[in-house]
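Notes to accompany the following structure.
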There are 2 protein chains.
Amino acid sequence: MAIYSKDELINMVKGAGLRVTDHRLLVLEYLAKVKQPVTVYELVEDLRKKENIDQATVYRNLSSLHEAGLLRRLDFNHGHAHYELETGHASHQLVCNNCETIEKIEGISIDDTVKKMLKKSKKFKHTTTHSMEIYGLCKTCA
Amino acid sequence: MAIYSKDELINMVKGAGLRVTDHRLLVLEYLAKVKQPVTVYELVEDLRKKENIDQATVYRNLSSLHEAGLLRRLDFNHGHAHYELETGHASHQLVCNNCETIEKIEGISIDDTVKKMLKKSKKFKHTTTHSMEIYGLCKTCA
DNA sequence: TGTTTATATGCAAATAGTTCGCACAGTATT
DNA sequence: AATACTGTGCGAACTATTTGCATATAAACA
Ligand SMILES: [Mn+2]
Ligand SMILES: [Mn+2]
Ligand SMILES: [Zn+2]
Ligand SMILES: [Zn+2]
């Protein structure tokens, strides 16, 4: 189910130069299981059902893992952050302007377009990740 | 300099079914002048230099204009919103992971890709806008 | 294995961005 | 001009996120 085993996650944390703590692994294991970008709120709520973990700890781990390049942070104009594992593949999603519905679209690459844009850039020489959001009303809200 | 004249902006406001007020026009005229997505903070600071306008009013106008489809709201994982005029053309930008630098890239369309993605979607039948952010370190921060 | 040192955590309090209630002002409609 | 509805200022409230500090834990080292 999870896209990475616990051992793989541990090695990713070590490779990032971060300490392997129970809480940090909990966060990573959670993100390795979900299929959609998850909010901090959801993460905290769910993790607290099984473990005693403070929200400050969750925030700090999300930040350290994100800085280390292991997570991607997404914002859909919801006023709060969403996180997902950094997979190496770009992140593309359809976002409803009315409800919180998000649909992840996979299998379509825009790397060529990204390269073209980078070539046009004056301020950037290379980039690491990219994301794309397509906004509209979902079938339910339409 | 501005991409719309005052009269055009007035007509856009009327067409949106909103009242034409001095404050609402100030916000729109400001956005018609700048070349980059602007933060609420910048907007409030700059407008206050010339006019007495409350930040609640700015927020409310940004919301109403955005809901009316006249503005686009962008978030670059900065923890605050950025706004720009909705031009009909998509919005693509390079975003520095370290500083607040943003570079707008124009002239490259990804409409075909958007169509492909929409075709793959199960939850959306059609969409209205899309945006794309390419993240990395700018030359200065690299 | 025990000791040391840097990093991580819990808790509470602070901060930042944004929204809201309410009284009053302005816009558009008649 | 009278009316009805929308917009505005001001302060307070609210939500998401960050921070200070004391304590706990992980990794490094003796
Ligand atoms: Mn959300
Ligand atoms: Mn910003
Ligand atoms: Zn919806
Ligand atoms: Zn930079």
Side-chain angles (χ1 to χ4, degrees), chain A residues 6-7 9-30 37-68 70-71 73-83 100, chain B residues 6-7 9-30 37-68 70-71 73-83 100:
Chain A
K6 185 161 185 172
D7 281 352
L9 294 174
I10 289 176
N11 285 331
M12 287 160 68
V13 172
K14 285 182 180 167
L18 294 170
R19 292 190 175 177
V20 180
T21 69
D22 291 351
H23 290 346
R24 183 163 282 150
L25 278 181
L26 277 177
V27 169
L28 267 182
E29 289 183 287
Y30 186 96
V38 70
T39 64
V40 181
Y41 182 82
E42 293 166 336
L43 200 36
V44 170
E45 283 298 293
D46 278 4
L47 291 182
R48 275 201 170 149
K49 286 175 185 164
K50 307 219 161 183
E51 305 280 336
N52 184 29
I53 184 169
D54 192 76
Q55 72 171 26
T57 301
V58 174
Y59 273 105
R60 285 190 271 229
N61 275 317
L62 289 170
S63 292
S64 58
L65 293 168
H66 179 247
E67 272 183 51
L70 270 57
L71 303 186
R73 190 195 318 197
L74 298 164
D75 214 280
F76 305 115
N77 291 327
H78 286 178
H80 51 246
H82 307 71
Y83 288 87
E100 294 259 313
Chain B
K6 185 160 184 172
D7 281 352
L9 294 174
I10 289 176
N11 285 331
M12 289 160 67
V13 172
K14 284 182 181 166
L18 295 170
R19 292 189 176 177
V20 179
T21 69
D22 292 350
H23 291 345
R24 183 163 281 150
L25 278 181
L26 277 178
V27 170
L28 267 182
E29 289 183 286
Y30 186 96
V38 71
T39 64
V40 180
Y41 182 83
E42 293 166 336
L43 201 34
V44 171
E45 284 298 292
D46 278 4
L47 291 183
R48 275 200 170 152
K49 286 175 185 164
K50 307 219 162 185
E51 304 281 336
N52 184 30
I53 184 169
D54 192 77
Q55 71 171 28
T57 302
V58 175
Y59 273 105
R60 284 189 273 230
N61 275 318
L62 289 170
S63 292
S64 58
L65 293 168
H66 179 247
E67 271 182 53
L70 270 56
L71 303 186
R73 190 194 320 196
L74 298 164
D75 214 279
F76 304 115
N77 291 327
H78 286 179
H80 50 246
H82 307 71
Y83 288 88
E100 295 259 313

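No hydrogens, no waters, no symmetry mates; every other heavy atom, side chains included, goes into these values. Everything numeric in this text was worked out from a predicted model, so none of it was measured.
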Between A56(B) and R24(B), name the one whose nearest nucleotide on DNA chain D is closer to the 5' end. R24(B)

Does T57(A) put a side-chain nitrogen or oxygen below 4.0 Å from OP1 or OP2 of dG10(C)? yes

So, does N52(A) get its side chain near the phosphate of dT9(C), meaning an N or O under 4.0 Å from OP1 or OP2?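 No, N52(A) has no side-chain N/O under 4.0 Å of OP1/OP2 on dT9(C).
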
Compare the minimum distances between each of dT27(C), dA8(C), dG10(C) and the side chain of T21(B), then state the nucleotide with the smallest one.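 In terms of side-chain proximity for T21(B), the closest of dT27(C), dA8(C), dG10(C) is dT27(C).
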
From dA28(C), dG17(C), dA8(C), pick the nucleotide closest to the side chain of H80(B)? dG17(C)

Give the rounded distance in Å between these two atoms: [atom1] of [X] and [atom2] of [N].
X: D54(A); N: dA13(C); atom1: CG; atom2: C1'; result: 13 Å
X: H23(A); N: dT7(C); atom1: NE2; atom2: P; result: 19 Å
X: I53(B); N: dA25(C); atom1: CD1; atom2: P; result: 18 Å
X: L65(A); N: dT7(C); atom1: CG; atom2: P; result: 16 Å
X: L18(B); N: dG26(C); atom1: CG; atom2: C1'; result: 15 Å
X: Q55(B); N: dC20(C); atom1: CD; atom2: C1'; result: 13 Å
X: N61(B); N: dT19(C); atom1: CG; atom2: C1'; result: 14 Å
X: L25(B); N: dG26(C); atom1: CG; atom2: C1'; result: 14 Å

Per salt bridge (charged side-chain N to carboxylate O under 4.0 Å, His left out), D46(A) is matched among K50(A), R48(A), K49(A) by K49(A)

Could a donor-acceptor pair under 3.5 angstrom be found where the side chain of R19(A) meets the base of dA6(C)? yes

Classify the side chain of R60(A) and the base of dG10(C) as holding, or not holding, a donor-acceptor pair under 3.5 Å. yes

State which residue, out of V20(B), L71(B), I10(B), fulfils the side chain to side chain contact (heavy atoms under 4.5 Å, CB included) condition with L28(B). L71(B)

To the nearest 0.5 Å, what is the distance between CG on D75(B) and OG1 on T39(B)? 11.5 Å

Using a 4.0 Å heavy-atom cut-off, does D22(A) contact any base of the nucleic acid, only the sugar-phosphate backbone, or nothing at all? nothing

First contact, last contact: which nucleotides of DNA chain D are these for chain A, 5' to 3', heavy-atom distance under 4.0 Å? dA16(D) to dA27(D)

Heavy-atom distance under 4.5 Å between the side chains of R24(A) and L65(A), does that happen here?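 Result yes, sub-4.5 Å side-chain heavy-atom pair found.
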
Determine whether a donor-acceptor pair (N or O, by modelled atom type, separation under 3.5 Å) exists between the side chain of N77(B) and the backbone of R73(A).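 It does hold such a pair.
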
